[in-house]
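Every heavy atom of this structure was used, including side-chain atoms; hydrogens, water molecules and symmetry mates were not. Fair warning: this is a prediction, and the values are worked out from it, not measured in the lab.
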Amino acid sequence: MSADVAGQGGPDEASPSRGAAAGSEPSIPYRVQADARAADLVERYKDLAPQSETGRTVTVAGRLMLRREMGRVAFGTLRDSSGQVQLFAGKAWTDGFDGFTRLSLGDWIAASGEVVTTKTGELSVKVASWQLLAEARRGFGDKWHGISDLDTRYRQRYADLWANEDSRRVLLLRSSLISWIRRWLEGRGFVEVETPVFHPTPGGATAKPFVTHHNALDVDLYLRIAPELYLKRLVVGGFEKVFEVARVFRNEGLSPRHNPEFTMLELYQAYADYTDMMRLTEDLVAGAASELLGTTEITYGGRSLSLAAPWRRATLSELVAEHSGMTLDIDSPISELREAAESVGVQPEPAWGSGKLLLEVYEKTTESELWEPVFVTDYPKEVSPLARDHRCKAGYVERFEAIVAGRELCNAFSELNDPVEQRLRFEAQAAAKAAGDEEAMSVDEDYLRALEYGLPPTGGLGIGIDRLVMLLSDSDAIRDVIAFPTLRPETA
RNA sequence: GCGCCUCUAGCUCAAUGGCAGAGCAACGGACUCUUAAUCCGCAGGUUCUGGGUUCGAAUCCCAGGGGGCGCACCA
């Protein structure tokens, strides 16, 4: 057992092993047969009177969080993934008592003994025997403040997750959310699929891709910026309801709301249009909140917010009028749109048409002001190369974004399924790209070929999972909802 | 990419131009019911790095590095 205890370092300094020579710790077992979890014990015996003995012997395993020595007795706080339980050791009844008192905070141990309560009534495992499972050669920081340095927290997430309850809570919520979404969609007949991460032609969104190279094929490949075009190929192939939880990659700046790799839920439903997608979106988000938080009434950044369906629907032009006082639409004279853009601080580029100008005014004046969930509908065709023409409003497409707490949560449309029209849209994008727009799309000939086989009327939806987790967990940084966020590599 | 802020012991933080400190952790010791146990003792520093100003720099200036925030881009 751990006889001599050396110093214990911290996140920035490891101590040498306190036990055997490096690479060999013969007393450390290969497996542990724990038969109780901390929280279960505390829950099961919460009504026990002080100084009770249950006669039940258990083995618990976890990390030693705190230790209180009193001479010939010692108390420890053991934490496992369920919670915490007190260990009560004494020279009179604990094998290896001296070693127990020399354990470091953070050491993994297994402890066996009777479940009892102490004089003060705290439920404890009265340790008859214990085993060291792993030394903590680095400490987890101040036992009260833990680790709060943001750099350390994100770079050494293993330590942050152990030290900070909130960090664990958020990642557990993320896991529960994705799991729930899968079950919910499968319950509605959706099929989960996987599509390529390597794309010969990046598409499905306007964003700068990462480029990599395949040696054997000697071709450049792009890490996907969206799974959209492949999912719609699957609809062509007969998958009427598909979804993918897709990690996507965009070569853009980092910010509290942007990580270069992030997760999107995309789904496509044949025979549906964007109004179906609105109903699905509000049901999904409100349902997730009810299931995971027990309510649709949430607090984000100190402000209350209701996710209950149905959500407000309003056109982009209506919302711009509400928030900027300017009555603008796609048919407004272009000079008027350009003036409007300039008046709100946008510097229009010569190539921008009225659709782009209108969108810029919206983003500058309106989007961040929208707090309660709202479906912003009817986007300009110019800025929506994959969405189908609006059934009755020229120049617009059947597209919406859901804005919640001032941020885009999802993007959806009635999918453009006419290969001739799609080619025209791609060509306009390719022209913009040739003119210097690094984020514009290319012509994807294979996708056009797929459309030529026939894509039925289809509704499509993309939801930013990271954003949704942020919303549900009241996190203000995307880094908090990603286990290992992208950081500048450490320099030696 | 640009601007602003920030970096002190393993951790959390003081010291604002005049001897680098505290609490916790660690280390030595006391203690048979503690709850961030308590008490006694001991130790711990390239004040992010490199220049400069000054009799004297953690503190002021310049450059670089890490991080945060804002802008831009986007989801």
Side-chain angles (χ1 to χ4, degrees), chain A residues 4-15 18 50-51 65-77 84 86-94 97 101-102 104-106 116-124 126 136-156 159 163 204-208 225-226 246 248-266 345-347 363-364 367 401-404 407-411 437-439 462-468 470 476-479 487-492:
Chain A
D4 296 308
V5 176
Q8 188 189 21
D12 256 12
E13 183 183 81
S15 300
R18 287 160 264 141
Q51 286 189 288
M65 299 299 293
L66 296 168
R67 194 186 51 228
R68 301 172 286 280
E69 286 176 52
M70 302 286 304
R72 271 171 280 179
V73 295
F75 299 91
T77 301
Q84 299 187 343
Q86 178 165 270
L87 302 179
F88 182 22
K91 205 174 183 69
W93 63 83
T94 302
F97 177 77
T101 64
R102 291 193 199 107
S104 285
L105 303 188
V116 301
T117 53
T118 61
K119 272 183 188 167
T120 56
E122 171 133 1
L123 189 80
S124 308
K126 192 172 178 183
R137 296 193 207 177
R138 292 172 188 263
F140 287 92
D142 188 290
K143 69 184 178 188
W144 189 243
H145 299 97
I147 299 170
S148 59
D149 180 71
L150 282 176
D151 191 37
T152 307
R153 286 186 45 207
Y154 294 132
R155 286 194 191 280
Q156 302 187 35
T206 50
K208 225 179 297 179
I225 55 176
V248 299
F249 309 86
R250 298 187 184 178
N251 204 343
E252 288 156 358
L254 289 78
S255 89
R257 283 161 294 282
H258 300 88
N259 198 65
E261 52 180 305
F262 63 102
T263 302
M264 280 184 33
L265 168 69
E266 282 202 11
V346 175
Q347 294 184 331
E363 287 180 349
K364 200 77 179 180
E367 189 175 273
E401 290 191 357
I403 307 296
V404 184
R407 293 177 192 159
E408 178 186 340
L409 183 66
C410 75
N411 185 17
D437 183 349
E438 286 183 278
E439 294 173 354
I463 295 183
I465 291 294
D466 312 85
R467 292 269 173 94
L468 183 54
M470 287 170 70
D476 58 1
I478 196 169
R479 285 174 178 170
L487 301 172
R488 187 182 298 277
E490 285 181 273
T491 48

Are OP1 or OP2 of [N] and a side-chain N or O of [X] less than 4.0 angstrom apart?
X: A:Lys143; N: B:A25; value: yes
X: A:Arg257; N: B:G70; value: yes
X: A:Thr120; N: B:C33; value: no
X: A:Arg155; N: B:G67; value: yes
X: A:Lys364; N: B:A72; value: yes
X: A:Arg488; N: B:G66; value: yes
X: A:Lys126; N: B:U32; value: no
X: A:Arg68; N: B:A37; value: yes

Within the modelled atom types, does a donor on one side and an acceptor on the other bring the side chain of [X] and the base of [N] under 3.5 Å apart?
X: A:Asp149; N: B:G67; result: no
X: A:Gln86; N: B:U34; result: yes
X: A:Thr118; N: B:U34; result: yes

Protein-nucleotide distance (A:Trp144, atom CH2; B:G23, atom P), rounded to Å: 18 Å
Are the side chain of A:Ser255 and the backbone of A:Gly253 linked by a donor-acceptor contact shorter than 3.5 Å? no
Could you tell me whether a side-chain N or O of A:Asp466 sits under 3.5 Å from a main-chain N or O of A:Thr263, the two making a donor and an acceptor? yes
Pairing donors with acceptors under 3.5 angstrom, does anything connect the side chains of A:Thr206 and A:Glu439? no
Between B:G50 and B:G66, how far apart are the two C1' atoms, rounded to whole Å? 15 Å
Take atom C1' in B:C73 and the same atom in B:G1, then report the distance between them in whole Å. 11 Å
Close side-chain approach of A:Phe262 to A:Arg250, heavy-atom, < 4.5 Å: yes
State, yes or no, whether a side-chain contact exists between A:Val73 and A:Trp93 at a heavy-atom distance under 4.5 Å. yes
Which nucleotide sits closest to the side chain of A:Pro256: B:C33, B:U35, B:G70? B:G70
Which of the following nucleotides, B:G67, B:U35, B:U12, is nearest to the side chain of A:Ile147? B:U12
On RNA chain B, nearest-nucleotide positions of A:Tyr154 versus A:Lys119: which is more 5'? A:Lys119
A:Phe75 ring over B:A37 six-membered base ring, under 5.5 Å and 30°: no
With a 4.0 Å cut-off on heavy atoms, is A:Ile478 in touch with a base, just the backbone sugar-phosphate, or nothing at all? base
Could you tell me whether A:Gly141 contacts a base, only the sugar-phosphate backbone, or nothing, with contacts defined as non-hydrogen atoms closer than 4.0 Å? sugar-phosphate
